[in-house]
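Below: one structure, written as structure tokens.
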Amino acid sequence: MANFFTDTPELKYHLNHPLMKRIVELRERNFADAGKFDYAPADFEDAMDSYEKVLEVVGEICGDVIAPNAEGVDHEGPQVINNRVKYASGTEANLDATRKAGLSGMSMPRRLGGLNFPTVPYLMAADMVSRADAGFENLWGLQDCAETIYEFADEDQKQRYITRICQGETMSMDLTEPDAGSDLQSVMLKATYSEADNCWYLNGVKRFITNGDADIHLVLARSEEGTRDGRGLSMFIYDKRNGGVNVRRIENKMGIKGSPTCELVYKNAKAELCGSRKLGLIKYVMSLMNGARLGIAAQSVGISQAAYFEALSYARDREQFGHSIIDFSAISELLTTMKAKLDANRTILYETARFVDMYKTLEDIAKERTLTKEERDECKRYSKMADAFTPLAKGLGSEFANQNAYDCIQVHGGSGFMKDYTCERLYRDARITSIYEGTTQLQVVAATRYATTGFYLNMMKEYAAQEVKAELKPMHDALDRMVAEYEETVAYVMSKESPEFIELHARRMVEMAGYTIMAYLLMLDANRSDLFSQSAKVFLKFARTQNAQRAIFIKETDTADINTFKTK
């Protein structure tokens with residue numbers, strides 16, 4: 001029996017990070033639920049034991065149910081029958097297994113039927129589910145939309161909807177339209193309030209909606225007549241039980257085929273306002289998208305893990321010229337680089353998740369009591385760090401997932417091009433990660449201000465200030481040189497005082513920051529555990545080379561070169 005938690009010791013390592021003690025104590029309000037709810041922990045050790053036991057259950061279901069079903073789901077896929085989605089039979093089995101195991105509403109409070117887990121263990125579950133089948137993660141992982149209802153809906157809505165999600169009902173977020181993709185200000189689905197019926201009605205079309213025939217939908221719609229921008233948009237909750245929404249079609253996608261991506265037609269669909277009018281895009285979608293982007297970062301890590309394990313297994317078994325191909329330097333180097341990128345992906349994912357746990361938990365506590373000045377400062381700081389690191393985790397993580405899936409096929413050679421091997425599906429599944437929930441280019445836009453204002457530089461210096469073992473001192477010194485190179489390069493860009501020049505080199509500056517921060521995090525992981533010693537060394541060499549290339553490119557261009565890179 002396979003278990004995707006116990007066969008990946010890196011997960012348990014990140015679960016036991018020193019900051020988790022404070023996160024858990026805040027999350028559990030000093031364990032006030034003990035005795036009030038079944039399985040509520042009595043102390044920190046009890047809580048950690050609970051997380052591990054649940055993650056072992058997730059790992060077992062991933063290894064024994066979801067992963068074995070993945071190939072069949074990829075071939076069968078979902079269908080539209082009478083304007084409703086019929087999942088592939090393997091998807092139905094996956095949903096049944098996760099529901100019976102009580103793996104819905106993991107991050108929701110116990111009073112609403114959830115497990116009250118922090119973001120870190122929840123994302124570990126998403127990491128494993130994605131390794132088993134990235135398409136199924138898009139169904140199971142959308143339970144995270146409940147966070148938006150929890151944060152912004154009223155208590156009655158929380159009781160009516162979150163309790164259902166915790167029982168296993170599915171969710172979707174209906175944002176994009178045929179003429180509104182990344183530019184959500186252009187959303188035109190119309191929301192009209194009926195005084196007579198005391199409710200809202202939605203009319204229009206939504207496109208590219210993941211799990212579009214879900215039980216409960218979060219819908220971005222235009223509530224303010226005559227508006228054309230984001231200030232006229234509100235967030236609504238639509239319940240499929242009320243009818244009024246039909247699935248016109250399921251998109252025929254390259255990958256993640258088990259996940260139905262739907263075009264929806266709203267025709268007088270009854271809905272209710274979530275939160276306040278006019279804040280749908282300005283506030284609620286921004287929060288929703290940050291959570292979704294972290295989810296895609298976890299999905300990317302899961303795909304990277306699957307690709308690495310597939311490549312490693314094949315390289316050990318495949319013989320050429322009388323030797324296993326893992327013995328050849330060209331293949332061995334590919335594998336060690338894949339593992340280094342995987343570990344780098346994972347370390348920035350869980351660093352970001354810890355930041356999110358800290359600020360979101362403090363924000364939640366602020367609804368119950370007044371935070372102290374120290375807590376308010378702490379909340380503000382962790383919120384900013386989460387905002388800065390999320391585009392790195394999503395943007396760079398998804399690019400690494402694509403690279404690892406590519407290299408996995410390369411290790412397989414001609415066999416990897418055939419549908420007989422899992423790597424072919426992983427390659428197709430990985431491609432979307434750098435596109436949906438904000439392309440890599442949009443992640444760069446979100447991250448650029450943290451490069452140009454010195455925020456990333458200050459984070460590097462914070463990591464550099466931490467003590468490491470003597471054997472890691474050369475690595476620490478090399479990172480110091482990388483920081484100096486990064487600081488000098490950003491200063492050169494800023495000295496041009498040209499927004500166009502900054503835009504031209506934004507991705508290079510953000511990647512330099514991301515690679516340096518990942519290298520620091522891996523060094524600190526290696527300082528705590530030998531699990532990461534090799535990856536830290538390999539990734540440092542990779543990062544130094546990548547950063548040097550970007551620094552040279554930037555310093556050899558000037559504002560006069562801007563037009564060279566514009567398509568005529």
Side-chain angles (χ1 to χ4, degrees), residues 23-42 46-47 50-51 53-55 57-58 95 98-126 129 139-173 211 214-219 235-242 271-276 283-284 287-288 290-292 294-295 353 356-369:
I23 289 170
V24 172
E25 288 170 351
L26 287 171
R27 185 83 180 183
E28 291 295 338
R29 311 296 196 268
N30 290 318
F31 310 100
D33 279 354
K36 297 179 184 177
F37 297 92
D38 291 342
Y39 309 114
D46 195 13
S50 176
Y51 302 157
K53 282 183 167 60
V54 171
L55 289 171
V57 171
V58 176
L95 286 168
T98 54
R99 282 171 181 150
K100 286 179 177 175
L103 299 179
S104 300
M106 289 179 72
S107 63
M108 291 295 101
R110 294 183 187 90
R111 67 182 179 82
L112 297 172
L115 298 179
N116 201 46
F117 276 23
T119 303
V120 169
Y122 168 68
L123 285 179
M124 287 181 176
V129 171
L139 277 65
W140 181 83
L142 275 169
Q143 63 178 270
D144 188 48
C145 292
E147 187 74 27
T148 299
I149 297 177
Y150 180 69
E151 285 189 33
F152 304 115
D154 61 37
E155 184 60 28
D156 176 61
Q157 289 172 323
K158 293 176 189 178
Q159 290 291 341
R160 286 187 289 116
Y161 292 113
I162 294 179
T163 51
R164 287 168 55 186
I165 295 157
C166 292
Q167 290 166 6
E169 294 198 26
T170 57
M171 289 202 74
S172 70
M173 51 180 183
N211 200 29
D215 299 304
I216 300 165
H217 300 228
L218 288 174
V219 188
M235 182 71 78
F236 296 87
I237 303 172
Y238 163 74
D239 185 345
K240 189 167 81 169
R241 295 174 181 177
N242 293 327
E272 53 190 279
L273 185 67
C274 179
S276 302
K283 185 174 183 180
Y284 307 148
S287 175
L288 179 63
N290 272 342
L294 207 54
V356 170
D357 267 326
M358 285 298 297
Y359 94 82
K360 279 192 174 290
T361 304
L362 286 166
E363 283 186 342
D364 199 38
I365 291 171
K367 297 173 185 176
E368 303 165 6
R369 63 167 173 82

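Under the 3.5 Å distance criterion, the side-chain polar atoms of Gln157 are matched with a main-chain donor or acceptor of Asp154. Side-chain N or O atoms of Trp140 include one that pairs as donor or acceptor with a backbone N or O of Leu103 at under 3.5 Å.
Distance check: Leu139 CG to Ser172 OG gives 10.0 Å after rounding to the nearest 0.5 Å. Atoms OG and CD1, on Ser107 and Ile162 in that order, are 9.0 Å from each other to the nearest 0.5 Å. The CG atom of Leu55 sits 9.0 Å away from atom OG of Ser50, with the distance rounded to the nearest 0.5 Å. Between the CG atom in Asp357 and the OH atom in Tyr122 there is a gap of 12.5 Å [rounded to 0.5 Å]. Between Leu26 atom CG and Ile365 atom CD1 the span is 4.5 Å, to the nearest 0.5 Å.
Side-chain contact between Leu115 and Met108 is absent, with no heavy atoms from C-beta onward closer than 4.5 Å. At a threshold of 4.5 Å between non-hydrogen side-chain atoms, the residues Ile237 and Leu218 count as touching. Counting heavy atoms from C-beta on, the side chains of Ile165 and Asp215 never come closer than 4.5 Å. Taking 4.5 Å as the limit, every side-chain heavy atom of Thr361 sits out of range of all side-chain heavy atoms of Pro118. Put simply, the side chain of Tyr238 does not reach to within 4.5 Å of the side chain of Ile216, judged on heavy atoms. You'll find the side chain of Tyr51 reaches within 4.5 Å of the side chain of Val24, heavy atoms only.
Across all their heavy atoms, Lys158 and Ala153 have their closest contact at CE-O, 3.4 Å. When all heavy atoms are compared, the tightest approach of Met171 to Ala146 is SD-N, 3.5 Å. Here the shortest heavy-atom pairing between Gln143 and Gly105 reads OE1-N, 2.8 Å. Asn116 and Glu28 make their closest contact through ND2-OE2, 3.3 Å (heavy atoms, listed as atom of the first residue, atom of the second, distance). Of all heavy-atom pairs between Gly168 and Ser104, the closest is CA-OG, 3.3 Å. Here the closest heavy-atom approach between residue Thr119 and residue Val356 is recorded as OG1-CG1, 3.9 Å.
Open room surrounds NZ on Lys36; 12 or fewer heavy atoms of other groups in view lie less than 6.0 Å from it.
For Tyr161, the side-chain hydrogen bond (donor to acceptor under 3.5 Å, both in side chains) criterion is met by Glu272, not counting sequence neighbours. For Phe37, the side-chain contact (heavy atoms from CB on, under 4.5 Å) test picks out Asp33, Ala40, Arg110, Arg111, with sequence neighbours left out.
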- Task: Determine, step by step, whether Lys360 and Glu151 satisfy the side-chain contact (heavy atoms from CB on, under 4.5 Å) criterion, reporting the C-alpha distance in whole Å, the side-chain angles of both residues, the deciding distance to 0.1 Å, and the verdict.
- Result: CA-CA 10 Å; Lys360 279 192 174 290; Glu151 285 189 33; 2.5 Å; yes

- Message: Would Phe152 and Ser287 count as a side-chain contact (heavy atoms from CB on, under 4.5 Å) here? Give the steps.
- Response: CA-CA 10 Å; Phe152 304 115; Ser287 175; 3.9 Å; yes

- Would you check, one step at a time, whether the test side-chain contact (heavy atoms from CB on, under 4.5 Å) holds for Glu25 with Phe31? CA-CA 7 Å; Glu25 288 170 351; Phe31 310 100; 4.0 Å; yes

- Task: Evaluate the criterion side-chain contact (heavy atoms from CB on, under 4.5 Å) for residue pair Asn211 and Met173; output intermediate values, then yes/no.
- Result: CA-CA 9 Å; Asn211 200 29; Met173 51 180 183; over 6 Å; no

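A salt bridge is absent between Arg160 and Asp239; no separation between the charged side-chain nitrogens and carboxylate oxygens falls under 4.0 Å. Between Glu169 and Lys240, none of the side-chain N atoms (NZ, or NE/NH1/NH2) sits under 4.0 Å from a carboxylate O, so this pair counts as no salt bridge.
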